[in-house]
Protein chains: 2
Amino acid sequence: MIKSKGIERELSPEKTELILAGAMREFLEHGYAGARIDKIVEAAGVSKATVYRHFPDKEALFTALIQQMSCRKELFRLQNLQSYEEEPIAFLKQYAAGMLDNVAEDPQILTFLRIIIGESGRFPELARAFVTNMEKTSLDFLTEYFKTHPKLQIADPEVTARAFIGTLIHFVMIRDVLQSGDIMPMERDRLLNSLLALIVTNP
Amino acid sequence: MIKSKGIERELSPEKTELILAGAMREFLEHGYAGARIDKIVEAAGVSKATVYRHFPDKEALFTALIQQMSCRKELFRLQNLQSYEEEPIAFLKQYAAGMLDNVAEDPQILTFLRIIIGESGRFPELARAFVTNMEKTSLDFLTEYFKTHPKLQIADPEVTARAFIGTLIHFVMIRDVLQSGDIMPMERDRLLNSLLALIVTNP
DNA sequence: GTCTATATATTGATAGAC
DNA sequence: GTCTATCAATATATAGAC
């Protein structure tokens, strides 16, 4: 085994994963400024010096973590897409219900949304990565769906897709992110039924 | 003038306003954990001890400030309401356009939204005060409008109001808060026209 | 490559003069 | 009631052993 090939010191990928996993808990729970490197070190089970060998500083660790999370599309269930065969109303209702339930059941998604929005002023690149990977992906899919489904006659597919997503996201914001579902009560199924009736005009 | 009436030391309201004004800049710009008392002291032009005589600690100062801001309904132009005389489409378009332009032109509203959402996990009472004063106020008004306007026949006024507001808020989120208007481009007038065509079905 | 131990700066909050 | 000066704790980041 040839050992000497110039500088042979490299960073271990396993430690990198440990650090990122520890950083996730801390950053999601306390935000960027509120997160403590010591806590990340503790949660990761590595030394502080190792953290600083893998990432130049706190900011780089934070951006690396959030960038990585923005690529995990399964967070919003953007993959479980059914076929075009189904009736539009049934398909759209299933699509929306899956998203609403998914968000409601996973607190990590909520804290992730809070971080992205809360830090969007100081970290606009992170916000833009999130929009590119999450928002735009679902908007493009729904726009295409509204545009091409043979049983639908949508005047403006893109705005319809925005209204559809916007209504759902707003519902999630009030109910789950801002924890105010009791202040503005609205049953999930009623929202979905009336929203679909509004969007899918069946003559 | 009788001077001795037990403890006669009180807090000056003028200083309280100075402190809150200084705290606004700092908290809105850096968030709760990122805000520094020293900077607030500097911006307010008072001493640090004065701050701690008016507010028990950093958290109390923060909640007092945000609570106060949540009551300023003029932030979202929830007051400039026109009469019922106008045509529904014209009125709703003016209502929406006013809100969109207002938010786009005032960076303070954007940072306020970022704070409310970003800190909603750690300060749920603040989020709930915001929803009560801002979101519910506009939702109730629009629901009543959709329900009672003689020229409108809306099947589910409350869901329609939610779809209307949700689409607008989502548009503001993408374009202004997350600063990603170029990633998902959408002209304001096209959104408003197509959205109103969706909602206001005129036979 | 990862550790322990530490440097340096800042933080939120307070004591005491006036 | 407000100030100046300062405390004790904690922060991020680094030096040097192994």
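Lettering of chains follows the sequences in order, A, B, ..., and the numbering in each one begins at 1.
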Between C1' of C/dG1 and CD of A/Glu14, the distance in whole Å: 11 Å
How many whole angstroms separate atom NE2 of B/His30 from atom C1' of C/dT11? 15 Å
Passing candidate, side chain to side chain contact (heavy atoms under 4.5 Å, CB included) with B/Leu110, options B/Leu178, B/Asp176, B/Ile115: B/Asp176
Assign A/Asp38 to base, sugar-phosphate, or nothing according to its heavy-atom contacts below 4.0 angstrom with the strands shown. base
Grab the CD1-P distance between A/Ile40 and D/dA11 for me, whole Å please. 11 Å
Whole-Å distance separating the CZ atom of B/Phe62 from the C1' atom of C/dG12: 16 Å
All pairs passing salt bridge (charged side-chain N to carboxylate O under 4.0 Å, His left out) where residues 179-191 of chain B contributes a residue, at least two apart: A/Arg128-B/Asp182, A/Asp156-B/Arg190, A/Glu158-B/Arg190, B/Asp101-B/Arg188
Specify the residues of residues 42-54 of chain B, ordered by number, for which at least one heavy atom lies under 4.0 angstrom from an atom of DNA chain D. B/Val46, B/Ser47, B/Ala49, B/Thr50, B/Arg53, B/His54
Whole Å only: how far is the CZ atom of A/Arg36 from the P atom of C/dA9? 19 Å
Which is true for B/Ala35 with a 4.0 Å heavy-atom rule: it touches a base, it touches only sugar-phosphate, or it touches nothing? sugar-phosphate
Atom CG of B/Leu61 and atom C1' of C/dA13: how far apart are they, to the nearest Å? 13 Å
Atom-to-atom span, NZ of B/Lys15 to P of D/dT2 - whole angstrom: 6 Å
Those residues at least two apart in sequence (or on a different chain) that pass ring-ring contact (aromatic ring centres under 6.0 Å, His included) with B/Phe55 are none
Determine all donor-acceptor pairs shorter than 3.5 Å in which one atom belongs to a side chain in residues 13-21 of chain B; sequence neighbours excluded.
| from | atom 1 | to | atom 2 | distance (Å) |
| --- | --- | --- | --- | --- |
| B/Thr16 | OG1 | B/Ser12 | O | 3.2 |
| B/Thr16 | OG1 | B/His54 | ND1 | 2.8 |

Separation of D/dA9 P from B/Asp57 CG (nearest whole Å): 18 Å
Results of salt bridge (Lys or Arg N to Asp or Glu O under 4.0 Å) for A/Asp57 - residues two or more places apart only: none
Contacts of type salt bridge (Lys or Arg N to Asp or Glu O under 4.0 Å), residue A/Asp38, not counting sequence neighbours: A/Lys48
